Amino acid sequence: MSAILEIRDIHTFIGQFHILENVSVSVPKGSITVLLGRNGAGKTTTLKSIMGITPPASGSITFNGQSLVGKRPYTIAQLGVGYVPEHRAIFRELSVRENLLVAQRGSDDFERKADAVFELFPDLKRLYSLPGGNLSGGQQQMLAIARALIPDNHLLLIDEPSEGLAPVIIEQLMAAIEKLSAQATILLVEQNFRVASKLADRFVIIDDGQSPISGAMGELIGDEALIRRYLGVT
Amino acid sequence: MVRTSRNTSIVAIIAIIIALLAVGWITAGSIGNFGITVMSGLFQGMLLFLVASGLSIIFGLMDVLNFAQGAYFMIGAYVAYDVQHVGGVIDLTTTIPDPNIRFVFAVIAAIIVGAGLGVILERGLLRPLYARPVFQLVLTFGVSLVLAEIVQFIWTTTPYSWTETFGIRESFFTLFDQRFSTYRLFVIGMGVVLIVGIAALLRYTRIGIIIRAGVEDSGMVEALGINVRAIFTLVFTLGCAIAAFGGAVAAPFLGASSTIGTSFLLQGIAVVVLGGMGSYVGTAVGSVMVGLAIAVAQSAAIGTDFSALPSITPMLLLILVLLIRPSGLFGGNAR
Amino acid sequence: MTPPRNSLMQTLRENWLPAAVMLFLILFPFIVGALTDSSPMGVARGDRMVMRGESVRWQSVLIEVFILGILAMSYNLIFGFTGVISFGHALFFGLGGYILGMFLEYTGMDTGLAMVLGVVVGVAAAGIVGLIVGFVSLRLRGVYFTIFTLAVAEMCYIFFSRWQVTNAEDGFTIGSLPAWLDPTQSRLNFYYIALALFAFTYLFIRRLVNSPTGAVFKAIRENEDRAQAVGFNTLNYKLISIALAGMLAASAGMLQVILNKKVGPEVLGVSYTVDPLLMTIIGGIGTFNGPILGSAGLHLLDVFFRDATITIGETSIQIANLWGLLLGSGFILVVIIFPLGIIGTWQRWRLKARGRIAKAARPDPSMNPKTEP
């Protein structure tokens, strides 16, 4: 499998703080790769570094053979990277429809993709004209993912989709993400280890701004010592 | 929670407007005078809207409170005056002898100058400073001073009062035995058209939807693949152009002086804070309220010792509203 | 972080410049007097002294520098050290001036008593106004404070330029001043009083900023949320900073009206907001010497070039007409190119020359707690 995204030795600073100190992540095409690690380890910053929101000070990020370092976030998005940030970040004052319209890149994106999106998330069709702020947490998460599906994206960066949601909703979202992986490669950040282990086929552990271990998900599931050491859960 | 606070806002708006109209009615004495007060209030409210709308949208989208907005209003007034009158920097009096048509050109010239200076300010001066918002504030303040100095250098420090008479400025219509200026009505109408037009733009066009999304979270808009900086430039330029337009249409009544910029800036800021920073509806409602309040204060202050009353009215109204609702009438989140 | 050094040596080494400047300023009237062969006391006419001569003239120039310096230093306390921007500093300056003037001219009490009461009430009022304006606006986003200060200052300006009691735009003259203070009787006395207040402001702000309270001010400037998260009530600290700055600015305003022996709405005018802003930024925000350098530099330039004219071809332009334009353009350039101002840029340059910049830019990770924003 060839890697669609290759991160090598990136260092990222936020203000004075050295958040990422040498992170390397390889995301094979068509996979669901999950970034695991404790709170504050640098998972979200890794996604933001890919998007160019917190650009890395050194190291390389290559997507489909193109370097992303030094590019502005909108250029990176236009290359086909969809970003679903933590806490959803939907536009609360805009209706569901308008939220999806903002994400359009080609003028017919919305018309082309709307049916597929609504098939994946039937709730959104029902809530079509409601302001995003009136949606429940799960619906907002669906909207945030749907927004990343409107343009043609080859890679989706999804940050903590299960955060703060009820188990039933999490099941729905997991099913949806699984379906998505047929169309796009997915790089996921997930605290909920059960969710991560069911969804992902590869993992990368981010610990204290570094990426010590990565591999196939199956290897990690059996290794309780490793899980306890880096994730603090069993 | 949101609903109830919005309801208190609407009650507050209605109460304040009724109170203003009641005071206006008492001090006016006759229905004709009252009509004059209301008309003058709406006129000033529309001029205020032309300054405040730019302030509000720019602040909402870019987090920049553009203290130079008043200076653009002032420049609009000077440019329009200059083009209209004999002996200006651009003298069109022989090329376009008809003063009515020349006025149209004067207004267009003001808009172009305002937009041009807006692009320069955003692209050249503000853009390097998005990482340092404190300095942006200081910079726009500095730019407003420099623009005032440039204007004084070109057009001297003596205020100009509009001397040329032309059709639309001079015509009147009579109602309740009172003469009303058609020009004021015309400006009010234009203001209404702009309020509705900008609202429609924000509501229904793609660019408007992007602007509204950007007001909420410009970083997210950029992460969706939209060049937000280009939108910033566009909105900033439009804001400055509208302010210059405001100055141009105000000039036949208020003339051109270096102080109108500051006074409209302060009143515009009062409107924006009172309406709720970044809220378009709040800005429109706030403009009308402040305009009416000034007109009522002007009519009440006639023949009394309180000649300063109209000038401080916007601030008094602002303080009153902020006591009721700390984040303004339509402000959702003040932090 | 820095290795401990001999504290006495360090104090001497770091303070030789302020000490030398202070000594120079104390001797200044006599130095100018000796150089220009004029008496620092003025010219004797009968049993009175008339305030004439080069030394007296230069004393006035420096008194104005002290006044602007105090104003700029007080502005720097809130803007440079606490990170809150006010566009209404003239409010405090003018309020101090008006209150002192009104005590002296309108209360009819003994001049000495009026002086003392005027100073006390004026300074206290400035502090209270600062607290009120801050309390109303600072709970909201920072920009509300900026707006409020501008609005309140402008309202006061309009109010006093229309208020008949204080003669509206014309203002009123101060006739009754204690003899020891009166700059028309002894400029030298007033020079030393202004110098003392100037030195006091400098030392006070240094002491304050280097105290634990000052550490919180700076923490607020760097990141208010974090300061709050650590457990400081940041609103209270900002209010303290604003009240103190307002009180210092009010005392500067008092010096100004005593020097002019006149109070008018111009002391509330926007130029007393713009001047400290420009002087602080050009000199270097958040530094102790920057505001002083800025105020001295700008005021002296103003004095030297106010009457100069430049001639290009056939048109000659008075510098005075261009002054605002030059000042504003310079200011914009400084904001964009040297945001740290003269002192700040110099300090950074010196740091770089010593090769410390590498450490400052990439701090030791072990020193900083990790946060994932």
Side-chain angles (χ1 to χ4, degrees), chain B residues 59 63-65 67 121 124-129 132-153 156-157 262-263 265-267 269-270 272-273 277 301 305-316 318-319 322-323 326-328 331 333-335, chain C residues 79-80 83-87 132-133 136-137 139-144 146-148 150-165 168 221 224-225 270-271 273-274 277-278 280-282 285 317 321-337 339-340:
Chain B
F59 182 81
D63 273 336
V64 178
L65 189 67
F67 277 91
L121 173 56
L125 302 179
L126 284 181
R127 195 167 269 202
L129 296 178
R132 292 182 281 150
V134 167
F135 282 89
Q136 285 187 323
L137 209 57
V138 169
L139 185 92
T140 60
F141 193 55
V143 167
S144 74
L145 301 172
V146 170
L147 289 178
E149 292 290 340
I150 292 175
V151 161
Q152 294 187 357
F153 190 68
T156 76
T157 50
T262 319
S263 72
L265 172 72
L266 284 168
Q267 292 169 9
I269 286 177
V272 172
V273 177
M277 295 263 220
D305 286 340
F306 302 108
S307 62
L309 188 64
S311 319
I312 61 174
T313 299
M315 300 306 157
L316 294 178
L318 172 62
I319 291 167
L322 288 189
L323 287 176
S327 54
N333 186 3
R335 275 204 78 91
Chain C
F79 178 34
V84 182
I85 321 171
S86 151
F87 283 169
I132 293 173
V133 171
V136 173
S137 58
R139 288 168 301 160
L140 305 166
R141 252 203 290 221
V143 72
Y144 279 80
T146 313
I147 291 170
F148 250 77
L150 181 66
V152 176
E154 203 62 22
M155 250 169 69
C156 272
Y157 174 74
I158 293 168
F159 178 79
F160 278 106
S161 49
R162 306 264 169 96
W163 201 30
Q164 292 306 326
V165 177
R221 176 189 66 187
E224 182 168 358
D225 291 337
V270 74
S271 74
T273 294
V274 174
L277 178 68
L278 294 183
T280 308
I281 288 196
I282 291 176
I285 62 167
I317 300 165
N321 294 341
L322 276 178
W323 182 244
L325 190 58
L326 292 174
L327 204 61
S329 314
F331 167 71
I332 289 175
L333 285 181
V334 168
V335 167
I336 291 186
I337 301 168
L340 301 169

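Residue numbers begin at 1 in each chain, while the letters A, B, ... track the order of the sequences. Computed from a prediction, not measured in an experiment: that's the story for all the values here.
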message: Before you tell me yes or no, could you show the steps for C:Leu327 and B:Val146 under side-chain contact (heavy atoms from CB on, under 4.5 Å), namely the whole-Å CA-CA distance, both residues' side-chain angles and the distance that decides it to 0.1 Å?
response: CA-CA 8 Å; C:Leu327 204 61; B:Val146 170; over 6 Å; no

Pick one of side chain, backbone, both or neither for [X], based on which atoms fall under 4.5 Å of a heavy atom in chain C.
X        : answer
B:Ile269 : side chain
B:Phe153 : side chain
B:Val143 : both
B:Leu125 : both
B:Leu266 : side chain

query: Which one of B:Val273, B:Leu137, B:Leu316 has the most heavy-atom pairs closer than 4.5 Å to chain C?
result: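 When all of B:Val273, B:Leu137, B:Leu316 are compared, B:Leu137 has the most.
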
Which bit of [X] is near chain B, if near means a heavy-atom gap under 4.5 Å: side chain, backbone, both or neither?
X        : value
C:Ile285 : side chain
C:Leu326 : neither
C:Leu325 : both

task: Verify side-chain contact (heavy atoms from CB on, under 4.5 Å) between B:Val138 and C:Phe79, making sure each step is shown before the conclusion.
output: CA-CA 11 Å; B:Val138 169; C:Phe79 178 34; 3.9 Å; yes

- prompt: So, for B:Phe67 and C:Thr146, which heavy atoms are closest and what is the spacing to 0.1 Å?
  reply: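 Closest approach of B:Phe67 to C:Thr146: CZ-CG2, 4.0 Å.
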
task: May I ask you to name which of C:Phe331, C:Phe159, C:Phe87 has the most heavy-atom pairs under 4.5 Å with chain B?
output: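 The residue among C:Phe331, C:Phe159, C:Phe87 with the greatest pair count is C:Phe87.
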
message: For the OH atom of C:Tyr157 and the OG1 atom of B:Thr262, what is their distance to the nearest 0.5 Å?
response: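 Here the rounded value is 10.0 Å.
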
query: Rounded to the nearest 0.5 Å, how far does CD1 of B:Ile150 lie from OG of C:Ser329?
result: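 Answer for the OG-CD1 pair, C:Ser329 versus B:Ile150, is 6.5 Å.
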
message: With heavy-atom distances below 4.5 Å as the criterion, would you say the side chains of B:Phe135 and C:Ile336 are in contact?
response: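 Side chain of B:Phe135 against side chain of C:Ile336, heavy atoms only: no contact under 4.5 Å found.
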
